[in-house]
Amino acid sequence: MSKFEQQRRDKRRQMQDLGVDPYGGRYEETESASSVRARYIENQEGQKARCAGRIVLLRDIGKLIFITLRDFSGTIQLGLSVKLLEKQWDLIKRLELGDLIGAEGQMGRTKTGELTIWTEKLTVLSKALLPPPEKFHGLADVDMRYRQRYVDLWANPEVMERFLARSAMLSSIRSFLRNRDFVEVETPMMQAIAGGAAARPFITHHNTLDMDLYLRIAPELFLKRLLVGGMEKVFEINRNFRNEGLSTRHNPEFTMMELYQAYADYHDMMELTESLVCHLIQTHCQGTILPFGSMQIDYSRPWRRVRYADLLKEFAGCDIDDLSAVRAKARQLAIPEADIDDAVVINDVFEATVEMNLINPTFVMDYPAALCPLTRQSAADPRYAERFELFVGTMELANAYTELNDPDIQEANFRRQLRGQKAEDSMAKMDEDFITALKYGMPPAGGLGIGIDRLIMLLTGVTSIRDVILFPLLKPVSSTSGPDDLSKQAQSDS
RNA sequence: GGAGGCGUAGCUCAGCAGGUAGAGCAACGGCCUUUUAAGCCGUAGGUCCUGGGUUCGAGUCCCAGCGCCUUCACCA
């Protein structure tokens with residue numbers, strides 16, 4: 001135990017010796033700091049206030065102590081004087097940074113104009129045994145900020161603000177969709193077949209059934225079953241899990257919003273996406289040009305809509321139908337192309353040349369059909385699929401299709417994708433029951449997926465996904481506290 | 001997995017041509033009834049990430065490992 005903790009434990013002992021419970025109890029009828037500030041009427045005597053929060057600054061001037069109290073809403077200053085608190089003074093002298101307290105008294109201003117609660121009664125609500133981070137710089141160590149987010153949140157107010165913004169944005173997404181008559185549902189996260197996307201899944205095990213299960217990589221196939229079942233507008237906002245590398249744009253578990261709208265197509269999904277994101281910006285952001293890293297992203301409508309093939313022409317300089325030109329470009333970029341499928345080579349070239357240039361919101365339309373096993377082919381030109389991806393700030397933010405609802409084509413696509421691939425790496429999984437569902441008839445539909453974490457990054461202007469996920473995945477500091485040891489413990493217990 | 005960077009007091013950070021380990025905040029003792037990162041005087045505080053090596057001597061140089069960051073690879 002650190003000497004700091006020991007000192008604080010001593011202080012707690014001293015509080016208890018004074019007959020004070022260092023962990024308080026119910027402390028209701030309080031008011032938020034911001035509310036106190038808002039309702040204060042200048043120069044009017046007799047206004048009372050009662051607040052609770054954490055001591056984030058403490059200035060002891062002898063017989064007078066100023067405390068800056070932080071609660072969920074902001075901060076408020078307490079003035080503690082011997083004159084008003086003589087009976088509690090021994091206790092008050094033992095207050096420290098980080099302690100949670102409640103205070104009530106008359107409101108007033110100090111000489112310097114700071115609104116202050118001249119405290120008449122003080123209640124200790126929780127004694128902090130560990131010292132807070134440095135008061136001016138806050139908690140700066142990136143590793144500790146993620147590992148001890150509970151400290152980061154109150155030591156760095158902008159972190160709290162960002163996560164509150166995330167929460168508010170999520171609420172807005174839900175109300176936006178509810179206003180368009182979408183129904184929110186929850187589908188399985190533990191699946192026997194991890195389908196609906198191309199990604200390596202996490203594997204887990206059910207003991208009683210003695211079967212392996214996958215954590216889902218996408219909810220797509222279940223949401224489409226709901227279309228078969230008669231839900232015409234459904235959405236789900238929940239976690240997907242992908243067993244892949246970590247980066248500033250990838251966390252192994254991430255939040256995806258997927259929605260499906262019967263009788264619609266990918267053009268409707270474009271309209272919906274643009275409306276939704278612009279609604280969020282209007283509601284939660286300042287202006288329509290938002291900073292993202294070194295970029296300034298202009299969200300003014302309408303957003304650019306451009307065909308995949310046209311972008312390939314624009315940035316790679318080759319015609320999508322001129323495969324020898326595309327392959328030459330690939331070689332020039334040191335992208336492997338020998339014995340690799342045409343569509344894959346085209347897409348590798350696309351990713352290497354186009355995506356980095358897509359800063360302002362851009363709908364990339366009409367992907368090569370071979371890349372899109374779950375998408376309906378274009379009636380006009382079956383080499384292309386009615387699919388778009390939305391890029392913003394060079395990131396893929398959304399992905400949408402006109403959904404494929406022909407069970408025979410769907411089954412053929414699955415089989416083609418499965419051929420020659422390891423099961424866990426395949427682009428598509430054979431899900432017999434999903435095919436069965438389609439045979440009962442799925443309405444034509446538009447489907448859309450939006451990466452919520454990335455959306456929040458863009459709207460809050462942070463370039464690392466870890467800054468919009470409360471508890472991002474990190475390696476454990478000590479190997480003695482991982483799940484391995486817990487399971488060993490459990491085994492030795494039984 | 002590759003490359004680069006970082007890891008020093010509770011926190012934020014200095015320290016490098018290898019030569020007794022530093023500051024601010026926090027803490028501890030003292031003074032102070034209007035402070036705003038309060039101020040003043042004093043005190044204490046270290047596995048310099050871990051383990052090896054080179055050296056008379058390593059926070060500093062070398063090797064290995066651990067963790068984090070960035071980037072590349074992987075990745076609809």
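A quick note: this is a predicted structure, and the numbers were derived from the prediction, not measured. Chain A is the first sequence line, chain B the second, and so forth, proteins listed ahead of strands; every chain is numbered from 1.
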Establish, from distance only, whether the side-chain atoms of A/Y266 and A/D366 form a donor-acceptor pair under 3.5 Å. yes
Report yes or no: is the cationic atom of A/R54 (NZ for Lys, CZ for Arg) under 6.0 Å from the centre of the six-membered ring of A/W154, at an angle within 45° of the ring normal? yes
Tell me: [atom1] of [X] to [atom2] of [N], nearest whole Å?
{"X": "A/D143", "N": "B/rG67", "atom1": "CG", "atom2": "C1'", "value": "6 Å"}
{"X": "A/Q14", "N": "B/rC28", "atom1": "CD", "atom2": "P", "value": "10 Å"}
{"X": "A/K111", "N": "B/rA38", "atom1": "NZ", "atom2": "P", "value": "18 Å"}
{"X": "A/Q6", "N": "B/rC28", "atom1": "CD", "atom2": "C1'", "value": "14 Å"}
{"X": "A/E244", "N": "B/rC74", "atom1": "CD", "atom2": "P", "value": "11 Å"}
{"X": "A/L64", "N": "B/rU36", "atom1": "CG", "atom2": "P", "value": "12 Å"}
{"X": "A/D348", "N": "B/rA76", "atom1": "CG", "atom2": "C1'", "value": "12 Å"}
{"X": "A/D141", "N": "B/rC69", "atom1": "CG", "atom2": "C1'", "value": "10 Å"}

Counting Watson-Crick and G-U wobble pairs only, both distances under 3.5 Å, name the nucleotide matched with B/rA27, or none.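 Check on B/rA27: paired to B/rU43, both distances under 3.5 Å.
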Of the listed nucleotides ([options]), which one gets closest to any side-chain atom of [X]?
{"X": "A/R59", "options": "B/rU36, B/rU34, B/rA27", "result": "B/rU36"}
{"X": "A/S464", "options": "B/rC28, B/rU70, B/rC13", "result": "B/rU70"}
{"X": "A/I61", "options": "B/rU35, B/rU12, B/rC28", "result": "B/rU35"}
{"X": "A/R147", "options": "B/rA27, B/rA37, B/rG67", "result": "B/rG67"}
{"X": "A/M144", "options": "B/rU35, B/rA27, B/rU12", "result": "B/rU12"}

Can the ring centres of A/F388 and A/F363 be said to be less than 6.0 Å apart?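 For A/F388 and A/F363, the ring centres are under 6.0 Å apart.
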Please give the distance between the C1' atoms of B/rA14 and B/rU70 as a whole number of Å. 23 Å
If you compare every side-chain N and O of A/R8 against the phosphate oxygens of B/rA27 (OP1, OP2), does one of them come in below 4.0 Å? no
Does B/rU33 have OP1 or OP2 sitting under 4.0 Å from an N or O in the side chain of A/K83?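 It does not, given that no N or O in the side chain of A/K83 lies less than 4.0 Å from OP1 or OP2 of B/rU33.
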Which residue lies toward the 5' end of RNA chain B, A/V142 or A/Y401, if each is placed at its nearest nucleotide? A/V142
Starting at the 5' end of RNA chain B, which residue's closest nucleotide do you reach first, A/K63 or A/A140?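 By nearest-heavy-atom nucleotide position, the 5'-most residue is A/A140.
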Is the ring pair A/F202/A/F241 parallel, tilted or perpendicular, if the boundaries are 30 and 60 degrees?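 Perpendicular: the ring planes of A/F202 and A/F241 meet at over 60°.
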Is any side-chain N of the basic residue among A/E114 and A/R109 closer than 4.0 Å to the acidic one's carboxylate O?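 Judged by the 4.0 Å cut-off on N to carboxylate O distance, A/E114 and A/R109 do not form a salt bridge.
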Does B/rA37 have A/F136 stacked on its base, where the ring centres are within less than 5.5 Å and the planes differ by under 30°?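 A stacking contact exists, since A/F136 sits close and nearly parallel to the base ring of B/rA37.
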